[in-house]
Enquirer: 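Handing you this structure, nothing more for now.
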Amino acid sequence: MKVQAGFSVVLCCFFVLFPSFVQADPLALVQDMYSRLFDPVNPVYDDLVQLRPLASTELQKLIDRELICRQQGDYVCNIDSSILLNAQDGEVTDLSVNQTLSQEDSVEVSASFQISGEPRLIVYLFRKQAAGWVLTDVQSRAGDLRWSLVKVLQQPVF
């Protein structure tokens, strides 16, 4: 119970600092996440905390489970590296964020870059809902490093 109360305080503070984004343009949302990640003064390193306010209800529930797992500390959680970078560390070069698919009710925004010479492609899938755009999944689509955030977060926690 104590863990969940602390978690609620963290989420409450986050939403004060980062207001609801569902009305915004998906391309601008993804560009903003990478800007905050590389901000030289006040970088935001917790990808799940950045992704949560953009997420669909289903994805939010999965993210919440992962964040609670991290706070409990006695479990092996599902995410142990940066989702935005698909790596734990390394020098990022050639970052480019573009809208790569646009339909009436869905948009894909791709972030392509290299880390230590290795290509990365992270794709953000958005779906239009009554309230605006929501993030439904994040996928890595480059080389051997392919995954879906939804599928990763659906795995059991030990």
Side-chain angles (χ1 to χ4, degrees), residues 1-90 92 95 97 105-111 113 115 120-142 144-158:
M1 200 56 121
K2 186 176 180 182
V3 171
Q4 289 181 338
F7 178 69
S8 297
V9 170
V10 168
L11 287 180
C12 176
C13 293
F14 178 81
F15 291 123
V16 169
L17 295 173
F18 301 102
S20 176
F21 293 112
V22 292
Q23 296 293 339
D25 171 53
L27 177 60
L29 295 172
V30 175
Q31 288 171 330
D32 185 57
M33 280 192 301
Y34 282 95
S35 294
R36 285 194 304 240
L37 180 66
F38 296 118
D39 185 319
V41 178
N42 191 22
V44 178
Y45 292 116
D46 194 332
D47 300 346
L48 291 178
V49 171
Q50 284 204 72
L51 292 169
R52 189 185 186 286
L54 310 177
S56 65
T57 303
E58 300 83 14
L59 184 53
Q60 281 182 357
K61 289 176 185 176
L62 293 169
I63 290 172
D64 290 348
R65 186 180 79 146
E66 182 74 7
L67 292 172
I68 290 169
C69 177
R70 288 181 185 177
Q71 287 187 345
Q72 290 175 341
D74 293 334
Y75 300 95
V76 176
C77 303
N78 290 316
I79 306 288
D80 65 352
S81 63
S82 170
I83 298 160
L84 274 65
L85 300 178
N86 195 18
Q88 290 183 330
D89 55 27
V92 175
L95 174 64
V97 179
D105 62 347
S106 64
V107 168
E108 289 185 9
V109 176
S110 297
F113 49 92
I115 294 186
R120 300 287 197 270
L121 177 62
I122 309 298
V123 180
Y124 299 84
L125 288 74
F126 290 87
R127 183 180 68 237
K128 183 86 168 196
Q129 293 186 339
W133 293 101
V134 295
L135 182 69
T136 58
D137 199 5
V138 178
Q139 298 175 352
S140 172
R141 296 185 183 169
D144 296 335
L145 305 171
R146 295 174 184 261
W147 46 259
S148 157
L149 180 60
V150 168
K151 290 180 182 175
V152 168
L153 292 176
Q154 288 174 336
Q155 298 299 312
V157 175
F158 300 100

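Quantities reported herein were computed from a predicted structural model and do not represent experimental measurements. No hydrogens, no waters, no symmetry mates; every other heavy atom, side chains included, goes into these values.
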Enquirer: Does the side chain of Leu59 come within less than 4.5 Å of Leu51's, by heavy atoms?
Expert: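 No. Closest side-chain heavy atoms not under 4.5 Å.
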
Enquirer: Rounded to the nearest 0.5 Å, what separation is found between the OG atom of Ser106 and the NZ atom of Lys128?
Expert: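 If we round to the nearest 0.5 Å, Ser106:OG and Lys128:NZ are 11.5 Å apart.
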
Enquirer: Rounded to the nearest 0.5 Å, what's the gap from CD on Gln154 to CG on Leu62? Could you check?
Expert: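 If we round to the nearest 0.5 Å, Gln154:CD and Leu62:CG are 5.5 Å apart.
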
Enquirer: Using atom types as modelled and distance alone, determine if a side-chain donor or acceptor of Thr136 lies under 3.5 Å from a backbone N or O of Leu125.
Expert: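 Such a contact is found between Thr136 side chain and Leu125 backbone.
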
Enquirer: Is Phe126 close to Val134 at the side-chain level, that is, under 4.5 Å between some pair of heavy atoms?
Expert: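 Not touching, per the 4.5 Å side-chain cut-off.
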
Enquirer: Give the intermediate values and the outcome of side-chain contact (heavy atoms from CB on, under 4.5 Å) for residues Val157 and Val76.
Expert: CA-CA 6 Å; Val157 175; Val76 176; over 6 Å; no

Enquirer: I would like to know whether Trp133 and Leu54 meet side-chain contact (heavy atoms from CB on, under 4.5 Å); could you show each step before the answer?
Expert: CA-CA 8 Å; Trp133 293 101; Leu54 310 177; over 6 Å; no

Enquirer: Closest approach of Ile115 and Gly90, non-hydrogen atoms and distance?
Expert: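 Smallest interatomic distance, heavy atoms only, reads CG2-CA, 3.7 Å.
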
Enquirer: I want to check something: taking the side chain as every heavy atom from C-beta on, are Phe113 and Leu85 in contact at a cut-off of under 4.5 Å?
Expert: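 SC-SC contact between Phe113 and Leu85 confirmed.
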
Enquirer: Between Glu108 and Arg141, does any NZ, NE, NH1 or NH2 come within less than 4.0 Å of an OD or OE carboxylate oxygen?
Expert: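 Yes.
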
Enquirer: Is the backbone of Arg52 close enough, under 3.5 Å, to the side chain of Gln60 for a donor and an acceptor to pair up by distance?
Expert: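 It does hold such a pair.
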
Enquirer: Please determine whether the number of non-hydrogen atoms from other residues, nucleotides or ligands lying under 6.0 Å from atom CG of Asp89 exceeds 12.
Expert: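 12 or below, so no.
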
Enquirer: When rounded to the nearest 0.5 angstrom, what is the spacing between CD in Glu58 and CG in Leu135?
Expert: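 The distance works out to 11.5 Å.
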
Enquirer: Supply the atom-to-atom distance Ser148 OG to Gln139 CD, rounded to the nearest 0.5 angstrom.
Expert: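 Atom-to-atom, Ser148:OG and Gln139:CD are 5.0 Å apart.
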
Enquirer: Looking at Ala87 and Arg120, what are the two nearest heavy atoms and their distance?
Expert: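 Looks like CB-NH2, 3.9 Å.
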
Enquirer: State whether the side chain of Tyr34 and the backbone N or O of Ala111 hold a donor-acceptor pair below 3.5 Å, judged by distance alone.
Expert: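 Checking the backbone N and O of Ala111 against the side chain of Tyr34, no donor-acceptor pair under 3.5 Å is found.
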
Enquirer: Given Arg70 and Asp46, is the salt bridge (charged side-chain N to carboxylate O under 4.0 Å, His left out) satisfied, shown in steps?
Expert: CA-CA 12 Å; Arg70 288 181 185 177; Asp46 194 332; 3.2 Å; yes

Enquirer: Give a yes or no on whether the backbone of Ile83 and the side-chain of Asp47 come within a donor-acceptor separation of less than 3.5 Å.
Expert: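 Answer holds: yes.
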
Enquirer: For the residue pair Leu84 and Met33, establish whether any side-chain heavy-atom pair is separated by less than 4.5 Å.
Expert: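 A side-chain contact under 4.5 Å exists here.
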
Enquirer: Where is the tightest heavy-atom contact between Asn42 and Asp39, given as atom of each residue plus distance?
Expert: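 Smallest heavy-atom distance, with atoms named: N-OD1, 3.1 Å.
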
Enquirer: Compare every heavy atom of Gln155 with every heavy atom of Arg65, then report the nearest pair and how far apart it is.
Expert: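 Shortest heavy-atom separation between Arg65 and Gln155 comes out as NH2-O, 2.6 Å.
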
Enquirer: Any non-hydrogen side-chain atom of Val44 less than 4.5 Å from a side-chain atom of Leu37?
Expert: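 Sidechains of Leu37 and Val44: no contact.
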
Enquirer: Does any non-hydrogen side-chain atom of Leu149 lie less than 4.5 Å from one of Ile79?
Expert: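 Yes - at least one pair of side-chain heavy atoms lies under 4.5 Å apart.
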
Enquirer: Got a salt bridge between Lys151 and Asp137, using NZ or NE/NH1/NH2 to carboxylate O under 4.0 Å?
Expert: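 Looking at Lys151 and Asp137, the cut-off is not met.
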
Enquirer: Any side-chain heavy atom of Val97 within less than 4.5 Å of one from Leu27?
Expert: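 Yes, side chains in contact.
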
Enquirer: Would a 4.5 Å heavy-atom cut-off, applied to side chains only, mark Phe38 and Leu95 as touching?
Expert: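 They are in contact (side-chain heavy atoms under 4.5 Å apart), so the answer is yes.
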
Enquirer: Hydrogens and angles aside, do Asn86 and Trp147 bring a side-chain donor and acceptor to less than 3.5 Å of each other?
Expert: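 Per modelled atom types, Asn86 and Trp147 side chains form a pair under 3.5 Å.
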
